[in-house]
Amino acid sequence: MADKFDIIILTLFAVLVAIYYNRDFLKDLVLNSSDEVFKLENGSGSRDIVTVLKENNKNFLVVYGSQTGTAEDYAKKFAKELMAKFKLNVMCVDLEDYDFDNLTALPSNIMISIFLSTYGEGDYPDNALLFETWLKSLDQIDSSLKNINFTMFGLGNSTYEHFNGAAKSALKLLKENGANLIGDLGLADDGAGTTDEDYLSWNEKIVEKIKVFLKLDEQDLVFQSSFEINYLDNLNDKVFLGEPSSQYLPSFTGGVPFNKEKNLQTGPFNINYPYVAPIVKSIELFDPLSGRNCIHTEFDVSGSDMKYSTGDHLAVWPSNSDEVVATFLKAFNLKGDKIFDLTSKDPTMKLPFPTPTTIESTVRYYLEITGPVSRQFIRSLVQFAPDDIIKSKLLELSNDKDQFVKEIISNYFNVADALLYISDGEPWTTVSWDFIIESIPRLLPRYYSISSSALNEKQTIHITSIVENNRNDKVRLPPVVGVTTNLLRNIQLNRSNVPEDAVSKSEFINPLPVHYNLDGPRNLFHGYKLPIHVRKSTFRLPTNPQTPVIMIGPGTGVAPFRGFIRERVRFQELNPNVKLGKHLLFYGSRDLNDFLYRDEWEQYKQKLNGSFEMVVAHSRLPNQPKVYVQDKVKEREDEILKLLQDGAFVYICGDAKGMAKDTHSTFVGIYSRGLNISETEAHEIIKMLKSQGKYQEDVW
Ligand code: FAD
């Protein structure tokens, strides 16, 4: 009689025979299913842009290089407009997802529109680095890109020296290689707060140019959805209820809540997969008399293999507040509990957020619904106007910039507020859900300069965030609030068990303008947790601790310098015999009520045996003149010049608009007076220091 082992061997043999005789069928099955997966990407899975354009019968290409999502948002809107207006078959893609080597073979009737943001010192955004390498590899001799007709829209900030540096550099390289720019280069200026208006005025001209160049017929703007929406009945383990990525779905974890088992959760953690970190400390840093709030938050990353370096940025993934979510659902008459799934009608188009999900989860966790509404959005609503009166109001607001500013922007309306204002409180039942999800950008993480030291605290990451809560002057309107910072303050008050009515009754505690679901989807955030990931920065202390360091960080700009000094304190503890270089910190606050980490600095001074000095400027002390960090830097200019000549590294952190520019001019002055050279020459020295990493800015 055959024993168990014989039976196993015989069964295995039978399976192998069956596989052999059905090998062709199985081969097809495997190939088809993998094809299916690739199809979700772009058809064949090729990275060659020209191949994919041809495979998908595309006749227009829109590409974006985007650091924070703004360039991506404009690129997608532009692509949608071209499709609706001219029935073009547009492919809109992330520069990182494709190779451009073959672009020389692009048929000249396929035009390209490039949306490119600039990051830091005129740098290309991370997802455009491959594109930059390719552009710079072209030999500029044989005009290899003469078949390329393109438009270009750059997104930058004029408070930086290299305003729109990436777009200007790409334009130059494209032109040098024979490519033909259609219309003018568009330049958006976030520093002036005019990005949306800059885009609109560029768009108006460029669409006309494209129409003429490609000899296109224009139709009325009619929205065409890029996604198929299927409504589902069953709320199962695969439905996202706001989970930041699929790894947090019960279907992925086998129903075990994440982190419960205390297994080390492994990364890499990034924009696609954050770590849901417990908040182990959360305190208010400002005195109630300041009238403002600043929250110190500590995230415990010991349950993960997440690492950071001192000077890095922490991305915090927010959710929208109960109040804003409720108004949004009301404005569009949406049923929050409806479950839906999305499939892309166009295989080259990525889904905007994870699905299947519910409408409420989408609004709470995946869409950016709090910020100001754009004139372009109001324009795109004209086609959905419920009646002629509202239609003419929409046309008036979208065509008359001043009227738009007067009625919408100066009231700080978000999308829902603006719509309810225009319709006099009536819900907009005419606007379809697919239009909403395609027109409203994705809610993105906010970045914070890490205020801890990786040497001193490996397992926790600290951030220091000022709460964005500007009470609206127009009494009947709600305050203007920031999404993430108010969430962090809600957590701080909740963790400290301050009852809500105590907050509302206290004359010392600012009322909470908005509230959040702190437990998150399926209680994922219960016990005060938030999704985070680390973004590497180049803001680094000199490797030699004897090198002098000059730090300028007013307000929350002091955050990374707290990390720097904690790093040096730990280093000194470990190496008591090393004499550190001078570490000079210029800090500024309004008065003593908003003096950040006031008690800590004295301890650091003692531990660093005289190598650390802090110089403080206050801009609003009663009966005192306003003093800013730049003034204090100037007062010490001889000593600073000496430190610079000794090889000091300079670090500036905080407000990009005023402080960083003024501080830069102060340093130009120090060099030109001290060395008796012209300001232009002084400027060149700072430029050189920047390129050597000896003058670094972390400004926002
Ligand atoms: P958001 O929701 O992003 O709102 C932004 C602003 O818009 C707020 O002022 C808000 O009041 C306003 N607003 C909201 N709704 C409207 C409306 N309808 N109309 C008009 N205005 C509106 N910040 C720190 O505090 N500390 C740091 O260490 C720090 N480091 C940073 C490092 C980097 C590299 C960068 C890029 C930024 C850094 N920031 C830092 C800024 C931080 O990322 C956030 O921008 C800031 O905390 C606001 O985020 P929020 O989600 O609360 O506000």
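The figures here come from the full heavy-atom set of this structure, side chains too, leaving out hydrogens, waters and symmetry mates. In each ligand, atom 1 is the first atom listed, and ligand 1 is the first ligand listed.
At least one side-chain heavy atom of Tyr695 sits under 4.5 Å from a side-chain heavy atom of Ile652.
Every residue two or more places apart in sequence or in another chain that forms a side chain to side chain contact (heavy atoms under 4.5 Å, CB included) with Asn272 is listed here: Asn270. Shown here are the side chain to side chain donor-acceptor pair (under 3.5 Å) partners of Arg568, two or more places apart in sequence or in another chain: His583. Considering only residues two or more places apart in sequence or on other chains, Glu457 meets the side chain to side chain donor-acceptor pair (under 3.5 Å) condition with Arg566.
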Please tabulate, one line per pair, the protein nitrogen or oxygen atoms found under 3.5 angstrom from a nitrogen or oxygen of ligand 1, with distances to 0.1 Å, or say none if there are no such pairs.
| from | atom 1 | to | atom 2 | distance (Å) |
| --- | --- | --- | --- | --- |
| ligand 1 | 2 (O) | Arg446 | NH2 | 3.1 |
| ligand 1 | 2 (O) | Val483 | N | 2.9 |
| ligand 1 | 3 (O) | Arg446 | NE | 2.9 |
| ligand 1 | 3 (O) | Arg446 | NH2 | 3.1 |
| ligand 1 | 9 (O) | Glu468 | OE1 | 2.8 |
| ligand 1 | 15 (N) | Thr370 | O | 3.3 |
| ligand 1 | 18 (N) | Thr370 | O | 3.3 |
| ligand 1 | 18 (N) | Tyr412 | O | 3.0 |
| ligand 1 | 25 (O) | Ile466 | N | 3.0 |
| ligand 1 | 26 (N) | Thr464 | O | 2.8 |
| ligand 1 | 28 (O) | Ser449 | N | 3.3 |
| ligand 1 | 30 (N) | Ser449 | N | 3.1 |
| ligand 1 | 30 (N) | Ser449 | OG | 3.4 |
| ligand 1 | 39 (N) | Tyr447 | O | 3.3 |
| ligand 1 | 39 (N) | Trp700 | NE1 | 3.4 |
| ligand 1 | 43 (O) | Tyr447 | N | 3.4 |
| ligand 1 | 43 (O) | Tyr447 | O | 2.6 |
| ligand 1 | 47 (O) | Tyr448 | OH | 2.7 |
| ligand 1 | 51 (O) | Arg446 | NE | 3.0 |
| ligand 1 | 51 (O) | Val483 | N | 3.3 |
| ligand 1 | 51 (O) | Thr484 | N | 2.8 |
| ligand 1 | 51 (O) | Thr484 | OG1 | 2.7 |
| ligand 1 | 52 (O) | Val483 | N | 3.4 |
| ligand 1 | 52 (O) | Thr484 | N | 3.3 |
| ligand 1 | 52 (O) | Thr485 | N | 3.0 |
| ligand 1 | 52 (O) | Thr485 | OG1 | 2.6 |

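Of the possible donor and acceptor atoms, one in the side chain of Thr194 sits under 3.5 Å from a partner among the backbone N and O of Asp189.
Ring pair Tyr447/His313 is perpendicular by interplanar angle, where above 60° counts as perpendicular and below 30° as parallel.
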